[in-house]
Amino acid sequence: MSGGGCSIVWFRRDLRVEDNPALAAGVRAGAVIAVFVWAPEEEGHYYPGRVSRWWLKQSLAHLDSSLKSLGTSLVTKRSTDSISSLLEVVKATGATQLFFNHLYDPISLVRDHRAKEILTAQGVSVRSFNADLLYEPWEVNDDEGRPFTTFSAFWEKCLSMPYDPEAPLLPPKRIISGDVSRCRSDNLVFEDESEKGSNALLARAWSPGWSNADKALTTFVNGPLLEYSQNRRKADSATTSFLSPHLHFGEVSVRKVFHFVRIKQVLWANEGNKAGEESVNLFLKSIGLREYSRYMSFNHPHSHERPLLGHLRYFPWVVDEGYFKAWRQGRTGYPLVDAGMRELWATGWLHDRIRVVVSSFFVKVLQLPWRWGMKYFWDTLLDADLESDALGWQYISGTLPDGREFDRIDNPQFVGYKCDPHGEYVRRWLPELARLPTEWIHHPWNAPESVLEAAGIELGSNYPLPIVEIDSAKVRLEQALSQMWQNEAAARAAIENGMEEGHGDSADSPIAFPQAMQMEMEHEPVRNNPVIVTVRRYEDQMVPSMTSSLFRAADDEENSVDIRNSVLESRAEVPTDVNVAENTRRDTLDQAVMQTARTNATPHFNFAVGRRNSEDSTAESSSSTRERDGGVVPIWSPSSTNYSDQYVGDDNGIGTSSSYLQRHPQSHQLMNWQRLSQTG
DNA sequence: GAAGGTTTATC
DNA sequence: ATAAACCTT
């Protein structure tokens, strides 16, 4: 019991009692006050979406009940300023210490650093820990001590670090509760009335909470992991880990995932099980991508709004809200894209493969600003995660050094036959195409009139013609790219001539989110029809909705059983049974009862990996932090200068010499979330 | 064993 | 789209 007073353990995206270093430190120090502050306004544009808030709500309830069984409970605060709320708790409880785990999104970096400064100034001793990564971003550097700029090099290094990621900590046996009698909890509201009906359905498919996360991990590692490599390319096979939302909220620690999976790896390696080994490597790689997303965010805090390669700032994006809407609604005329978008809409979930397909289409074919797509993912994904989304979209957009080439267009037709060779996925989500033979399922526009007729399809009427032809997209993309180079050259020239500041010019400001999008998100009409169909949609959106019959009829046995069990058993099953909302013809409706897919493979856009740091890895690799666990909130290292010669960018991209902080020396004090999340 | 064709993964 | 890995001859 150091210090006499009790300590605050500030929970954020580490909603677990196991392997939670901040909690462990609090318990070690004596009496604990567990606090969660809900201050979504701090996130600016990135106010969490409906399904994400639903998850959070469940997860907090789960955590609270775990804490209760250990001897304390969760103090909850509704706030617009986390730090003030923490100060209130300090005042009300006389706490003398604050413990929390690191986050790496730009808003948290700024806020947490301030929290540390302010609370320290108030005499509170603050310590923070790594609980989200195998290695802290500042631990992983190249031979010259500079951060990596490509994923493969980064990951290779992670896998060959001289020390392993720390072993997971056990949960505390019990917690001595601090005195919270004078510290009242606010009732946190995560959903409004109109959202409840839709949210209720999520519970059929998912079980948030750390112990469920644990079960999900065990189930995955002992089951689908083995075939992960084989199944990963199918749009809807069942070998996804389904861990991404759990990982996002820190319900399970990545280090635990890593160690678990490694054990299997060793086992399979000994058995000479090559497929198993490969599966492990691939799965770990997706964990690595999550890890890398934090790494990128830490090193380039603007990566959620600015391309990391500077010249992409000059790309003439097509600012067309009509295209954007068609994409969201799944009405682009490309079946694979449309199926994906409708699944996303209906379930909040998308297989990683399909995320790539729809986002690539968005950027390369429609040439819409990638941040719009990223924002939409943020709003709709159950596992929405800013860092992972930013990495994914930047990768797709070709704005990463090792991302896809700018001029590459994925053809949804060809990709479709690869990841959905029999068209099952498309038929599941696009009932209007259900009767189309496989031969044409991914390119109905080529189908003979008689075939279409027999399938009840009238292109342009009940299913759209391609919104943009691939060929013309190619042409337009070439033009856009040459335009981009011209723009860049012009800007460069202007800067050289001293005409422009090079900072704050228009290219710096990301294209604002469409007004309509914000409106829609806010006033989304919802209709709840308790039993039959719950339709959630944008005003004009005609997309499938989830029905309450989440399990297909064939699984009746399961149906009647305790749903929670069946869900656990069958792996979190994404919603099943989709009905087409109105406007669908009768015959199509018949086909509309489809079951869902379980997605496969860890969503790319959300994973992590890593390695560990041993206790005394305190020998900081880079200068960015002074002291590791125990210590200090991550700080950007201003001095760590121009490691990025290889990037083209000048001011904002990776390319920039050095970091964000250098350009904004006082950012961790002055920069606030409004500025960071500015869309311009 | 080399040349040449085919598959496959790409972060 | 490309390149590396893989397989064939």
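Fair warning: this is a prediction, and the values are worked out from it, not measured in the lab. Each chain gets a letter, A, B and so on, in the order the sequences are listed, and its residues count up from 1.
- For the pair A:Arg328 and A:Phe324, the cation-pi test (distance below 6.0 Å, angle within 45°) is passed.
- Nucleotide B:dC11 holds its P atom 17 Å from the OH atom of A:Tyr295, rounded to whole Å.
- Distance A:Phe283 CZ to B:dC11 P: 19 Å, rounded to the nearest Å.
- A distance cut-off of 5.5 Å between ring centres, combined with a plane angle under 30°, places A:Tyr395 in a stacking arrangement with the base of B:dC11.
- At whole-Å resolution of the value, CG in A:Asn281 and P in B:dT8 are 19 Å apart.
- In this entry the distance linking CH2 of A:Trp393 with P of B:dC11 reads 19 Å, nearest Å.
- Rounded to whole angstrom, the span from the CG atom of A:Leu282 across to the C1' atom of B:dC11 amounts to 12 Å.
- Using cut-offs of 30° and 60° for the angle between ring planes, the A:Tyr46 and A:Phe513 rings count as perpendicular.
- Separating the CZ atom of A:Phe414 from the C1' atom of B:dT8 is a distance of 17 Å, rounded to the nearest angstrom.
- Checking the phosphate oxygens (OP1, OP2) of B:dT8, no side-chain nitrogen or oxygen of A:Lys418 falls inside 4.0 Å.
- Between the CD1 atom of A:Ile396 and the P atom of B:dT10 there is a distance of 13 Å, rounded to whole Å.
- Between A:His246 and A:Trp55, the ring centre distance stays below 6.0 Å.
- Following rounding to the nearest Å, A:Glu278 (CD) and B:dT8 (C1') show an atom-to-atom distance of 11 Å.
- Between A:Phe298 and A:Trp138, a ring centre-to-centre spacing shorter than 6.0 Å is recorded.
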